[in-house]
Visitor: 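Structure incoming, see below.
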Amino acid sequence: RLAAYQVMASLLHASIVLCQFAFMNYDGSGRLQSVSCVAVGYLFLMAALMKVCFGSWITFHLFCFAVLLKNMKKLEPLYVVSSILIPIAISSIPLTTKSYGPSGEWCMVQPKRCGANYAAGEIELLAVWFGPAVVLLVLQCIAMLTIIITVYYR
């Protein structure tokens, strides 16, 4: 069932990416509709983080089953709830600081908001998206290598 949740998160993410194209202004001005762009930016980041969280929980579940020889099926509600609530909480940080908006041709956290706050926008983008995603993906790679090696030598 965790894989089904991962697929649903991927479908949500893909539909949000398609919505990104609807807000593009092709007249050359590059302006996007502000309120809609904030909503799409929030949903985009939330869906992307949901995908990463569900993938991390699937990897953790496989690690417990294959390496530790423990069945962690009873933790499935925790996997699902945390994979929804953690992305909502993290995605809300730029919402409270009014950082969502046009970022290039996408609606996302603006690294160049208000000109002078460039560093603050970059740090916020790293903290809410790239930081958690890279850390979780590196941990997933380490866990998968451990799983492969353990299963190979058993």
Side-chain angles (χ1 to χ4, degrees), residues 1-64 72-147:
R1 287 191 297 221
L2 287 174
Y5 295 129
Q6 170 75 357
V7 169
M8 285 188 275
S10 295
L11 286 172
L12 175 65
H13 184 259
S15 64
I16 301 298
V17 169
L18 287 175
C19 287
Q20 295 271 8
F21 294 111
F23 296 109
M24 287 185 186
N25 188 355
Y26 291 101
D27 65 359
S29 68
R31 291 179 300 134
L32 301 171
Q33 299 169 351
S34 63
V35 175
S36 300
C37 188
V38 169
V40 169
Y42 173 79
L43 292 172
F44 176 77
L45 183 60
M46 183 187 65
L49 288 171
M50 285 173 107
K51 284 176 45 177
V52 173
C53 285
F54 277 118
S56 298
W57 281 123
I58 290 170
T59 304
F60 174 77
H61 191 76
L62 288 172
F63 180 83
C64 290
M72 305 299 277
K73 189 174 183 178
K74 62 185 175 194
L75 291 179
E76 185 177 337
L78 172 70
Y79 299 160
V80 175
V81 171
S82 65
S83 292
I84 294 171
L85 293 181
I86 290 172
I88 288 173
I90 291 174
S91 299
S92 297
I93 294 169
L95 195 60
T96 59
T97 60
K98 297 180 178 24
S99 299
Y100 286 117
S103 179
E105 291 297 325
W106 297 96
C107 296
M108 186 63 166
V109 176
Q110 297 173 311
K112 296 181 182 177
R113 57 182 182 153
C114 300
N117 288 336
Y118 181 76
E122 286 291 320
I123 291 169
E124 192 169 26
L125 186 59
L126 288 172
V128 299
W129 170 235
F130 293 112
V134 168
V135 168
L136 288 174
L137 291 174
V138 167
L139 290 175
Q140 286 179 36
C141 289
I142 292 169
M144 291 305 277
L145 286 172
T146 306
I147 292 167

Visitor: List in chain and number order the residues that pass side-chain contact (heavy atoms from CB on, under 4.5 Å) with L85, two or more places apart in sequence or in another chain; answer none if no residue qualifies.
Guide: V81

Visitor: Between T97 and S99, which heavy-atom pair has the shortest distance, and what is it?
Guide: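 For T97 versus S99, the nearest heavy atoms are OG1-OG, 2.8 Å.
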
Visitor: Which residues pass the side-chain hydrogen bond (donor to acceptor under 3.5 Å, both in side chains) test with S56, not counting sequence neighbours?
Guide: Q140

Visitor: Who are the side-chain hydrogen bond (donor to acceptor under 3.5 Å, both in side chains) partners of S15, not counting sequence neighbours?
Guide: none

Visitor: Quick check for you: to the nearest 0.5 Å, what is the distance between C53 atom SG and I58 atom CD1?
Guide: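 Reported value, rounded in 0.5 Å steps: 11.5 Å.
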
Visitor: List in chain and number order the residues that pass side-chain contact (heavy atoms from CB on, under 4.5 Å) with S91, two or more places apart in sequence or in another chain; answer none if no residue qualifies.
Guide: Y42, L45, M46, L49, Y100

Visitor: Can you give me the closest heavy-atom contact between I16 and V40, atom names plus distance?
Guide: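 So the two residues come closest at CG2-O, 3.7 Å.
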
Visitor: Taking only distance into account, with no hydrogens and no angle test, what donor-acceptor pairs under 3.5 Å do side-chain atoms of residues 4-14 form with protein atoms, sequence neighbours excluded?
Guide:
residue: Q6; atom: OE1; partner: G55; partner atom: N; Å: 3.3
residue: S10; atom: OG; partner: Q6; partner atom: O; Å: 3.1

Visitor: Which residue pairs satisfy the salt bridge (Lys or Arg N to Asp or Glu O under 4.0 Å) criterion with at least one member in residues 40-58, sequence neighbours excluded?
Guide: none

Visitor: Which residues satisfy the side-chain contact (heavy atoms from CB on, under 4.5 Å) test with I147, sequence neighbours excluded?
Guide: L62, F63, A66, V67, M144, V151

Visitor: Considering only residues two or more places apart or on different chains, which pairs with a residue in residues 76-94 satisfy salt bridge (Lys or Arg N to Asp or Glu O under 4.0 Å)?
Guide: R1-E76

Visitor: Can you list every pair that meets side-chain hydrogen bond (donor to acceptor under 3.5 Å, both in side chains) and has a residue in residues 126-137, with sequence neighbours left out?
Guide: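 Every pair satisfying side-chain hydrogen bond (donor to acceptor under 3.5 Å, both in side chains) with a residue in residues 126-137: there are none.
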
Visitor: Strictly under 6.0 Å, is that where the ring centroids of W57 and F54 end up?
Guide: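 No - the distance between ring centres of W57 and F54 does not fall below the 6.0 Å cut-off.
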
